[in-house]
Visitor: 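Quick one: this structure, given as structure tokens, is what I'll be asking you about.
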Amino acid sequence: MVSLDVAEAARAAGGWVAAGDPLTPLDGAAIDSRAVRGGELFFALAGSRTDGHRFVADAFARGAAAAAVESVERVRAAAPPDLEAGRAGRALIEVGSTYSALHAIAASVRRRAPRQLAAVTGSVGKTTTKELLAAMLATRYRVARTPGNFNNLYGFPLALLNIPDDTEWMVAELGMSSAGELRELALLARPDVALFTVVRAVHLQFFASLRDIAEAKAELLAGLVPDGLVVANAGDPEVTRIALRHAAATGGRVLWYGIGAATPGFRATPGAKLNGVWARDVRPEPGGGAGSRFRIEAGGASQEVRLPLHGLYNVENCLAAAACAYALGVPLADIAAAVLQARPAPRRGVVHRVERRGGAGGPFTLIDDSYNSNPDALRQALESAAKLPGARRIAVLGDMLELGAEAPSFHREAGERAARLGFAPVAGVGELAGELAAGARSAGAPAVWLAGAAEAAEWADKEVRGGDLVLVKGSRGVGLEAVVARLLGETG
């Protein structure tokens with residue numbers, strides 16, 4: 001954390017030091033007492049299901065240096081910490097709102113560190129792009145990144161408060177599920193670079209149209225610093241529209257990236273020294289292995305790249321990161337070297353070779369893409385998995401949530417696509433996935449509907465045999481990691 005003491009944190013939050021030493025130094029922040037490792041400022045957030053004031057004592061017991069609270073009396077009433085002992089090294093900062101304090105202190109820290117920040121947003125591909133960009137920038141700079149999916153109004157300020165104070169570049173994934181969220185995050189982040197992946201039919205439960213989703217993503221530009229850089233996907237019509245509008249309105253810089261040709265209607269930014277970074281000759285990894293190969297072209301230079309991540313869709317994520325890194329001074333050769341070390345994030349397209357118990361029937365291939373799902377991501381996952389070898393291709397596909405009134409048709413279309421791509425049998429898991437199973441059957445594939453992840457795990461354990469290729473994908477709420485865990489248990 002940037003050097004900060006209790007008194008400075010209290011001033012930034014508009015609060016006062018109710019107990020303890022105002023000069024106590026702080027080392028990081030936490031909103032979950034179980035995450036405290038020592039020296040942190042613990043924020044006692046009041047939630048709908050629990051109250052963080054109940055856990056102040058636990059945070060202190062684990063080594064927190066101070067706690068931001070809305071009422072000292074609430075702390076005493078919940079589980080009183082030793083306030084007298086706290087005066088010797090543990091402090092209480094009383095504030096009007098702990099949520100507002102979290103943001104205010106994070107904003108104060110952002111004015112000092114990191115020196116520069118690259119923000120990544122989009123409907124899909126954010127986490128992979130963030131991880132790849134951080135690895136590329138780390139070849140030249142001291143880099144921090146948002147951990148896991150710390151991309152919301154709680155996770156991002158917390159991540160900001162936990163970065164090392166000598167960070168030169170922070171790579172932040174910023175997400176949203178409703179209008180206004182990304183604007184608030186952008187004004188806190190004040191990015192030097194705004195990177196857009198794609199705009200897709202995600203969170204339609206909360207938006208009337210794809211255009212509305214795009215406008216919510218465009219809120220990232222509200223916080224972009226003057227003369228900040230926009231890195232935009234030239235192959236996505238909505239991203240192209242957002243970036244061109246920004247360039248026309250502000251004269252701001254736009255760097256384009258894309259695979260092969262750009263989307264119809266695309267035009268380069270006038271007067272730019274480097275208009276685009278492009279991927280050519282994209283092909284799967286030879287021999288059916290996980291990954292792909294392609295060539296990056298930028299500024300008259302060219303570099304062959306080997307990406308060891310499953311799915312051709314990850315080429316676009318890699319290219320987004322490469323375009324940004326190249327614009328920030330990382331040579332193409334260093335970019336390629338960083339990409340070669342890439343590994344998939346947990347449950348995001350991880351390819352396993354699994355031995356059946358006793359070796360019966362030989363190994364099967366399991367693609368664990370169980371972290372989340374939406375129509376476009378599922379389409380890409382099915383198309384990529386269909387390119388890998390397997391005696392049979394089996395799909396275990398869970399509900400795609402937050403799709404609103406169009407959810408049934410999205411699921412039916414997904415089932416039909418799975419069948420056309422040669423997946424048989426197809427298992428639909430969850431309430432909405434009944435339509436998915438029906439779609440698969442209508443397209444000629446055997447299909448089964450299963451109520452939940454436990455039933456799906458039982459079914460998959462009995463169905464899968466040596467030589468099969470199995471794709472597992474669904475929204476987080478379905479819990480299909482249980483299916484993956486059951487199948488991985490075949491290794492003993």
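Only this structure's heavy atoms are used, side chains among them; waters, hydrogens and symmetry mates stay out. The residues of the chain are indexed from 1 along the displayed sequence.
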Visitor: Any donor-acceptor pair under 3.5 Å linking the side chain of T167 with the backbone of I163?
Guide: no
Visitor: Using a strict threshold of under 4.0 Å (side-chain N to carboxylate O), is an ion pair present between R379 and D376?
Guide: yes
Visitor: R347 and S370: side-chain donor and acceptor closer than 3.5 Å?
Guide: yes
Visitor: Is N152 reaching over with its side chain to a backbone N or O of G155, donor-acceptor style, under 3.5 angstrom?
Guide: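 Yes; judged by distance alone, with no hydrogens or angles, the pair exists.
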Visitor: Give a yes or no on whether a salt bridge exists between E215 and R211, defined as a side-chain N under 4.0 angstrom from a carboxylate O.
Guide: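 So E215 does not pair with R211 through a salt bridge.
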Visitor: We want to know whether E181 and S178 form a side-chain donor-acceptor pair, criterion being a heavy-atom distance below 3.5 angstrom.
Guide: yes
Visitor: Could you tell me which residues satisfy salt bridge (Lys or Arg N to Asp or Glu O under 4.0 Å) with K126, sequence neighbours excluded, listed by chain and number?
Guide: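 Salt bridge (Lys or Arg N to Asp or Glu O under 4.0 Å) check on K126 returns nothing, list empty.
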Visitor: Any chance you could lay out the ring pair (Phe, Tyr, Trp, His ring centres under 6.0 Å) test for F43 and Y99, step after step, and finish with the verdict?
Guide: CA-CA 8 Å; F43 290 87; Y99 173 82; over 10 Å; no
Visitor: Among residues at least two apart in sequence or on other chains, which ones pass ring pair (Phe, Tyr, Trp, His ring centres under 6.0 Å) with F206?
Guide: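 For F206, no residue satisfies ring pair (Phe, Tyr, Trp, His ring centres under 6.0 Å) once neighbours in sequence are set aside.
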Visitor: Can you tell me if T24 uses its side chain to pair, donor with acceptor, with the backbone of D21 under 3.5 Å?
Guide: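 Side chain of T24 to backbone of D21: a pair is present.
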Visitor: Before accepting this row, confirm whether a basic side-chain N of the pair R417/E413 lies closer than 4.0 Å to the acidic partner's carboxylate O.
Guide: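 Looking at R417 and E413, the cut-off is not met.
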Visitor: Going by side chain to side chain donor-acceptor pair (under 3.5 Å), name the residues that satisfy it together with R348, two or more places apart in sequence or in a different chain.
Guide: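 Checked R348 against side chain to side chain donor-acceptor pair (under 3.5 Å); matches are T127.
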Visitor: List for me each residue that meets side-chain contact (heavy atoms from CB on, under 4.5 Å) alongside A10, sequence neighbours excluded, and say none if there are none.
Guide: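 For A10, the residues satisfying side-chain contact (heavy atoms from CB on, under 4.5 Å) (neighbours in sequence not counted) are V17, I93.
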Visitor: Kindly write out the residues that satisfy ring pair (Phe, Tyr, Trp, His ring centres under 6.0 Å) with H352, not counting sequence neighbours, or none if the list is empty.
Guide: none
Visitor: Please list, chain by chain and in numerical order, all residues satisfying salt bridge (Lys or Arg N to Asp or Glu O under 4.0 Å) with E73, sequence neighbours excluded.
Guide: R76
Visitor: Tell me whether R293 is salt-bridged to E304, with the criterion being a basic N under 4.0 Å from an acidic carboxylate O.
Guide: no
Visitor: Under 4.0 Å between a Lys/Arg side-chain N and an Asp/Glu carboxylate O for R306 and E285?
Guide: yes
Visitor: Going through the distances and angles, do D58 and R34 end up as a salt bridge (Lys or Arg N to Asp or Glu O under 4.0 Å)?
Guide: CA-CA 8 Å; D58 185 55; R34 295 167 297 182; over 6 Å; no
Visitor: May I ask you to check whether E94 and W16 show a side-chain donor-acceptor distance below 3.5 Å?
Guide: yes
Visitor: Residues two or more places apart in sequence or in another chain: which of them pass ring pair (Phe, Tyr, Trp, His ring centres under 6.0 Å) with F294?
Guide: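 Counting only residues at least two positions away or on another chain, F294 forms no ring pair (Phe, Tyr, Trp, His ring centres under 6.0 Å).
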Visitor: Who pairs with D399 by side chain to side chain donor-acceptor pair (under 3.5 Å), at least two apart in sequence or on another chain?
Guide: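 Partners of D399 by the side chain to side chain donor-acceptor pair (under 3.5 Å) criterion come out as none, since no residue qualifies.
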Visitor: Do the ring planes of H310 and Y313 sit parallel (below 30°), tilted (30 to 60°) or perpendicular (above 60°)?
Guide: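 H310 and Y313: perpendicular rings.
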Visitor: Counting distance only, does the side-chain N/O of K473 pair as donor-acceptor with the main-chain N or O of N372 below 3.5 Å?
Guide: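 Yes: the side chain of K473 pairs with the backbone of N372.
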Visitor: Check side-chain contact (heavy atoms from CB on, under 4.5 Å) between F55 and all other residues, then give those that pass, not counting sequence neighbours.
Guide: S33, F42, T50
Visitor: Run the side-chain donor-acceptor check on residues 185-194: report pairs under 3.5 Å with partners two or more places apart or on a different chain.
Guide:
unit_1, atom_1, unit_2, atom_2, d
R190, NH2, R110, O, 3.3
D192, OD2, L117, N, 2.8

Visitor: Could you tell me which residues satisfy side chain to side chain donor-acceptor pair (under 3.5 Å) with R111, sequence neighbours excluded, listed by chain and number?
Guide: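 Expected list: none.
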Visitor: Checking salt bridge (Lys or Arg N to Asp or Glu O under 4.0 Å) for the pair R295/E297: CA distance, chi angles, key distance, verdict?
Guide: CA-CA 7 Å; R295 189 175 73 256; E297 295 179 355; 2.8 Å; yes
Visitor: Not counting sequence neighbours, list each pair that qualifies as a salt bridge (Lys or Arg N to Asp or Glu O under 4.0 Å) and has a residue in residues 330-343.
Guide: none
